[in-house]
Amino acid sequence: MIIDEVEAIPYRIPMSKPLHFASGAVHDIEHVLLRITTSEGIVGIADVPPRPYTYGETTASVIGILTGLFREVLVGADPLDRAQIHARLARTVGNPTAKGAVDIAVWDIIGKSLGVPVHRLLGGYTRKLAVSHMLGFDSAAALVDEAHSYIERFGIRTFKVKVGRRPLALDIELTRSLREALGPDVELYLDANRGWTATEALQVLDATSDLGLTYFEEPDDAREILGRRRLVQLSRIPIVADESAPSLGDAAREIQTGGATALSIKTARTGFTESQKILGYAEALGIDVLMGNQIDSQLGSIATVTFGAAFEYSSRRAAELSNFLDMADDLIADPIRIEDGFVTAPTGPGVGTAIDEEKLAAYRIDRG
Ligand code: MUC
Ligand code: MG
């Protein structure tokens with residue numbers, strides 16, 4: 001079996017509720033559907049979310065690399081030679097979500113060719129992950145209502161609160177309102193997307209120390225190394241590296257040099273293969289991992305649950321799987337269901353999902 005064709009199809013679906021956070025905002029999801037077809041007619045699929053404010057990738061750059069340099073690597077390659085494909089893709093620096101999608105699509109092909117779900121091929125630990133929902137910027141009253149409604153409708157019990165605004169009191173009071181309204185049993189953690197300085201982040205930690213927060217993700221810019229290390233040393237809760245650890249090497253650097261004490265793993269940027277290496281590294285050190293969300297479509301979220309459910313260490317805590325709830329629609333044929341706070345990995349072969357061709361025709365933006 002060899003790869004015959006690589007397609008990169010841009011599509012746009014509006015957000016029903018735009019997501020705002022310290023480093024940017026998403027109003028529409030303008031993603032790229034990657035399809036890799038083999039000589040036997042097997043089609044591997046994956047979603048690519050360009051995030052210029054996080055990785056510098058754009059829709060045009062993703063399409064350019066996938067149908068240019070990466071296509072040259074992929075066409076004629078055997079999908080089972082994954083390490084060979086990776087080594088050749090790695091000659092091009094950057095482009096993390098394009099590379100992550102190639103890895104996922106190749107795993108999808110392997111699973112489909114064997115007739116086995118990829119969550120079982122990878123590890124088969126469980127099929128279900130608890131869901132953590134991400135609350136974007138809004139008023140405290142609106143976010144309390146949103147959290148209540150997600151608890152009632154979906155049984156979600158964990159929320160990541162987007163913070164990083166000024167004055168700091170805005171987010172300190174928001175976090176306090178959420179804790180008071182939701183009670184002590186709902187898990188809350190923060191993500192500032194580098195919005196604060198280390199000193200500001202320490203003030204927020206002090207002001208919220210009685211609220212039982214579990215993690216603080218990217219409180220400040222990790223490249224300001226002394227400030228970040230002081231923050232990590234003074235914090236009683238783990239400081240999570242997300243955009244400062246977009247690869248295995250970055251994750252190791254941030255942890256080993258004291259820049260973070262927990263890791264966000266996003267399959268959108270490290271696929272399954274590199275995510276597994278990050279997971280093994282974290283497990284060996286006893287570092288907590290959070291299965292993160294790149295503001296993923298349902299197709300992207302299925303990849304996250306496929307990976308997260310495959311291993312004991314990645315299934316320990318709630319995974320960020322619900323950003324798709326804020327999107328007006330999706331390309332996948334069989335929508336994700338969140339039941340009693342859990343998402344279950346599909347049982348179909350490969351990553352276990354299929355594209356609704358009518359929806360793709362309606363949302364693709366490469367045809368007049
Ligand atoms: C997150 O965890 O930061 C927002 C920006 C991005 O790159 O990912 C999201 C969520
Ligand atoms: Mg984050």
Side-chain angles (χ1 to χ4, degrees), residues 15 17-32 47-59 61-62 94-101 131-138 143 158-165 171 175 187-196 201 204 213-223 228 231 237-247 250-251 254 259-270 275 278 287-297 300-301 303-304 308 314 317-327:
M15 297 285 281
K17 180 176 186 297
L19 187 77
H20 294 261
F21 43 94
S23 56
V26 176
H27 294 270
D28 298 309
I29 56 159
E30 191 176 292
H31 290 189
V32 177
D47 202 38
V48 197
R51 297 286 172 258
Y53 34 81
T54 310
Y55 309 116
E57 294 173 296
T58 64
T59 306
S61 78
V62 161
N95 299 284
T97 68
K99 287 177 182 163
V131 175
S132 162
H133 182 67
M134 199 182 293
L135 299 168
F137 289 172
D138 211 333
L143 293 175
T158 303
F159 294 92
K160 167 155 116 176
V161 187
K162 287 295 198 184
V163 294
R165 297 176 291 182
D171 286 332
T175 311
E187 181 181 350
L188 294 175
Y189 59 106
L190 306 181
D191 183 357
N193 287 108
R194 301 161 275 149
W196 288 321
V204 172
L213 303 174
T214 44
Y215 299 95
F216 199 170
E217 190 168 310
E218 300 292 7
D220 64 331
D221 190 334
R223 291 171 305 182
R228 173 58 80 95
L231 173 62
I237 58 175
I239 300 295
V240 184
D242 172 8
E243 51 267 44
S244 61
S247 70
D250 293 312
E254 287 306 305
T261 38
L263 290 168
S264 171
I265 295 183
K266 294 185 174 176
T267 53
R269 66 184 173 213
T270 41
S275 293
I278 296 172
I287 300 284
D288 287 358
V289 296
L290 287 68
M291 289 308 304
N293 195 309
Q294 199 63 74
I295 317 169
D296 291 305
S297 64
S301 305
T304 303
S314 50
R317 46 158 292 104
E320 296 164 9
L321 291 166
S322 59
N323 284 69
F324 72 85
L325 292 172
D326 296 335
M327 297 168 191

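One-based numbering, in listed order, for ligands and for the atoms of each. Sequence positions, counted from 1, serve as the residue numbers for this chain.
- To the nearest 0.5 angstrom, S247 atom OG is 9.0 Å from K99 atom NZ.
- Note that CG of D191 and CG of L135 are 11.5 Å apart. Values are rounded to the nearest 0.5 Å.
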Every pair of nitrogen or oxygen atoms between ligand 1 and the protein that is under 3.5 angstrom apart - can you list them with their distances to 0.1 Å?
from, atom 1, to, atom 2, distance (Å)
ligand 1, 2 (O), K160, NZ, 2.7
ligand 1, 2 (O), D191, OD2, 3.1
ligand 1, 2 (O), E217, OE2, 3.2
ligand 1, 2 (O), D242, OD2, 3.1
ligand 1, 2 (O), K266, NZ, 3.2
ligand 1, 3 (O), K162, NZ, 2.9
ligand 1, 3 (O), D191, OD2, 3.1
ligand 1, 3 (O), N193, ND2, 2.9
ligand 1, 3 (O), D242, OD2, 3.1
ligand 1, 7 (O), T54, OG1, 2.8
ligand 1, 7 (O), Q294, NE2, 2.5
ligand 1, 8 (O), K266, NZ, 3.2
ligand 1, 8 (O), Q294, NE2, 3.1

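- Among protein atoms, those of element N, O or S found less than 2.8 Å away from the Mg ion (ligand 2) are D191 OD2, E217 OE2, D242 OD2.
- Here R228 pairs with E218 in a salt bridge; the nearest charged N to carboxylate O distance falls below 4.0 Å.
- Salt bridge present: D171 and R165 bring a charged side-chain N and a carboxylate O closer than 4.0 Å.
- Of the residues K266, Q294, E57, R269, the one that meets the side chain to side chain donor-acceptor pair (under 3.5 Å) test with T97 is E57.
- Side-chain contact between M134 and K162: present, with at least one pair of heavy atoms (C-beta onward) separated by less than 4.5 Å.
- Using a 4.5 Å cut-off on side-chain heavy atoms (C-beta onward), P219 and I239 make contact.
- If you take CG on D220 and OG on S244, they are separated by 9.0 Å, rounding to the nearest 0.5 Å.
- Taking 4.0 Å as the cut-off between side-chain N and carboxylate O, E187 and R317 count as a salt-bridged pair.
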